[in-house]
Protein chains: 2
Amino acid sequence: MARQPPSSTVPRGRPRDPRTRAAILAAARALLERGGLTAVTIEAIAQKAGVSRPTIYRYWPNAPAVAMAAFLDVTGAPDAARSTRSPYAALRAQFHAVADAFAAPAGRSVAAMVAAAQSETELAKAFRNEFIARNRDATRLLLERCIEDGLIAPPADMELVLDLVFGPLFYRLLMGHAPITRGFVDRLLDTVIPASA
Amino acid sequence: MARQPPSSTVPRGRPRDPRTRAAILAAARALLERGGLTAVTIEAIAQKAGVSRPTIYRYWPNAPAVAMAAFLDVTGAPDAARSTRSPYAALRAQFHAVADAFAAPAGRSVAAMVAAAQSETELAKAFRNEFIARNRDATRLLLERCIEDGLIAPPADMELVLDLVFGPLFYRLLMGHAPITRGFVDRLLDTVIPASA
DNA sequence: GTTATATTACGTTACGTACCGTAACATTAA
DNA sequence: TTAATGTTACGGTACGTAACGTAATATAAC
């Protein structure tokens, strides 16, 4: 008898051990935060995670892809929706959180991923869609609520406003010409999104 | 008689052939604009420049350093000083030029150098001092002239203004979520540095 | 001046290392 | 039985360095 084709829906054979995936991502994340992207080699991940190199390749095609997966695994999108406060307060809180993240060692990861996205097209797409776009979406949502509530004046160009608040943060993160302090964020928001008197 | 010790000041021995240096930089620049930083390998530079690998190492310690040298070699600081126009017009012209550079293939080089600066401390220093700082200085100068002439209102925080004009440009360049058009630059400047009515 | 010598530039070749990505095969878990 | 995982091995690319020879130039001695 000819063999039946697999019944596509149910996974057969030995299932993947979720700890394998978790160990790989954890190792990649640790390496990323310490030594930047250059430290995230398949070799190093394998050693640190206690996993063989081929196994990593069975999950992801290359080291930067693992790094991106590890990065997005922790850097969830901000959940502004469930906030009960004033949208303006939520907006400021969101950017204080971003500033904190950028200032901390986690900021090194963000910078590393931006760097990686410059040379890897696939990574760039993932980074844009899963990180940049999500953060912009969250902020745009809050801005629209602020406008509805009359807390800020409706801007002529919403996308420009988003560029104006995110741009300087990334600029300082990547160039390192000045620190990202809460004071900086406050002045930035006061200038770009002043509360309507 | 014993030979006298060398008279330290004048360079002795065979002088370096300036064409060697030029060929290396030209090759590095070409590779950088096409394939980004990953394409700038010592191997590739050597081949393209018709030079041996050890020779390149006698000039620079590693590939990113060559790339940075090549980058700074062409990307001279903007010379706003000699402009005869209104400082406000000069300011807009400067940013139109930056936008053009960022939009063109040269923008790829800038992005590549930002990326490189994330993992190489020495490069980061050079990039900050020779590129970022110079551009900020040029803009700061023009802004101060505009203020003197009463063309714009004096800002509370000059450095923040610089972050506000440069940040979004780099942000778009590096994230690629939206193009860097002249219209974008115009709206950006209109918002951040409006001409005083 | 002419000549010898030091000094430096550059090419060639070779080495060992790191990491890559893949393939083959054995082993283990469901 | 099926698929996940480990083990081992391989070829490939690029790294950075070292050794050696040759070419080019400056300097010192004559």
Side-chain angles (χ1 to χ4, degrees), chain A residues 1-28 31-32 34-68 116 119-120 122-123, chain B residues 1-28 31-32 34-68 116 119-120 122-123:
Chain A
M1 284 285 286
R3 191 179 304 277
Q4 285 300 105
S7 56
S8 64
T9 55
V10 180
R12 310 194 304 169
R14 174 180 175 181
R16 285 183 165 177
D17 186 340
R19 285 175 304 175
T20 299
R21 179 190 157 90
I24 294 171
L25 291 181
L31 289 166
L32 182 64
R34 309 235 179 139
L37 193 68
T38 54
V40 187
T41 70
I42 298 290
E43 182 71 36
I45 299 171
Q47 267 198 294
K48 201 175 189 70
V51 158
S52 71
R53 277 195 300 133
T55 292
I56 299 177
Y57 283 110
R58 284 166 190 135
Y59 281 77
W60 294 277
N62 50 49
V66 185
M68 180 62 80
S119 51
E120 310 266 344
E122 284 306 307
L123 285 203
Chain B
M1 285 284 287
R3 193 173 301 276
Q4 286 301 103
S7 55
S8 69
T9 53
V10 181
R12 310 195 303 168
R14 174 180 174 178
R16 287 183 165 177
D17 187 340
R19 287 174 304 174
T20 299
R21 179 189 159 92
I24 294 172
L25 291 181
L31 289 166
L32 182 65
R34 309 235 176 140
L37 194 69
T38 55
V40 186
T41 69
I42 297 291
E43 184 70 38
I45 298 171
Q47 269 197 293
K48 202 175 187 70
V51 158
S52 72
R53 278 198 300 133
T55 292
I56 300 177
Y57 282 110
R58 286 170 190 132
Y59 281 78
W60 295 279
N62 51 47
V66 185
M68 180 63 79
S119 51
E120 310 268 343
E122 284 307 307
L123 286 204

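Throughout, protein chains are lettered first and strands after them, A, B, ... in sequence-line order, and every chain is numbered starting at 1.
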Exercise. Could you state the interatomic distance from CD1 (B:Ile45) to CD (B:Glu43), rounded to the nearest 0.5 Å?
Worked result: 10.5 Å

Exercise. A:Ala39 and A:Leu31: which non-hydrogen atoms are nearest, and at how many Å?
Worked result: CB-O, 3.8 Å

Exercise. Roughly how far, to the nearest 0.5 Å, is the OG atom of A:Ser119 from the CG atom of A:Leu37?
Worked result: 7.5 Å

For this session: With the side chain counted from C-beta on, respond yes when B:Arg58 and B:Pro54 share a heavy-atom pair under 4.5 Å apart, and no when they do not.
Result: yes

Problem set entry | Nearest-Å distance for atom pair OH/P, residues B:Tyr59 and C:dT8 | 14 Å

For this session: Answer yes or no: does a side-chain N or O of A:Thr41 lie under 4.0 Å from OP1 or OP2 of C:dA18?
Result: no

For this session: Round to the nearest Å and state the distance from B:Glu43 atom CD to D:dT17 atom P.
Result: 16 Å

For this session: Determine whether B:Asn62 and B:Glu120 make a side-chain contact, defined as any pair of heavy atoms from C-beta on separated by less than 4.5 Å.
Result: yes

Seminar exercise, completed: From CG of B:Asn62 across to P of C:dA18 the rounded distance in Å is 18 Å

For this session: For nucleotides 25-30 of chain C, just jot down a letter per nucleotide in 5' to 3' order: B, S or -, based on protein non-hydrogen atoms under 4.0 Å.
Result: ---BBS

Problem set entry | Side chain to side chain, B:Val66 and B:Tyr59, heavy atoms closer than 4.5 Å | no

Exercise. Atom OG1 of A:Thr41 and atom NZ of A:Lys48: how far apart are they, to the nearest 0.5 Å?
Worked result: 11.0 Å

For this session: Please figure out whether B:Val40 or A:Arg21 has its closest DNA chain D nucleotide nearer the 5' end.
Result: A:Arg21

Seminar exercise, completed: To the nearest angstrom, the CZ-P distance between A:Arg19 and D:dT5 comes to 11 Å

Exercise. In whole angstrom, what separates A:Ile42's CD1 from D:dT13's P?
Worked result: 19 Å

For this session: Tell me which residues in residues 45-57 of chain A put a heavy atom below 4.0 Å from DNA chain C, sorted by number, or none.
Result: A:Arg53, A:Pro54, A:Tyr57

For this session: Report the distance from atom CD of A:Glu120 to atom C1' of C:dG21, rounded to the nearest whole Å.
Result: 14 Å

With a 3.5 Å cut-off and sequence neighbours excluded, list the donor-acceptor pairs that the side chains of residues 17-27 of chain A form with protein atoms.
residue	atom	partner	partner atom	Å
A:Asp17	OD1	A:Arg19	N	2.9
A:Asp17	OD1	A:Arg19	NE	3.4
A:Asp17	OD2	A:Arg19	NE	3.4
A:Asp17	OD2	A:Arg19	NH2	3.0
A:Thr20	OG1	A:Asp17	O	3.4

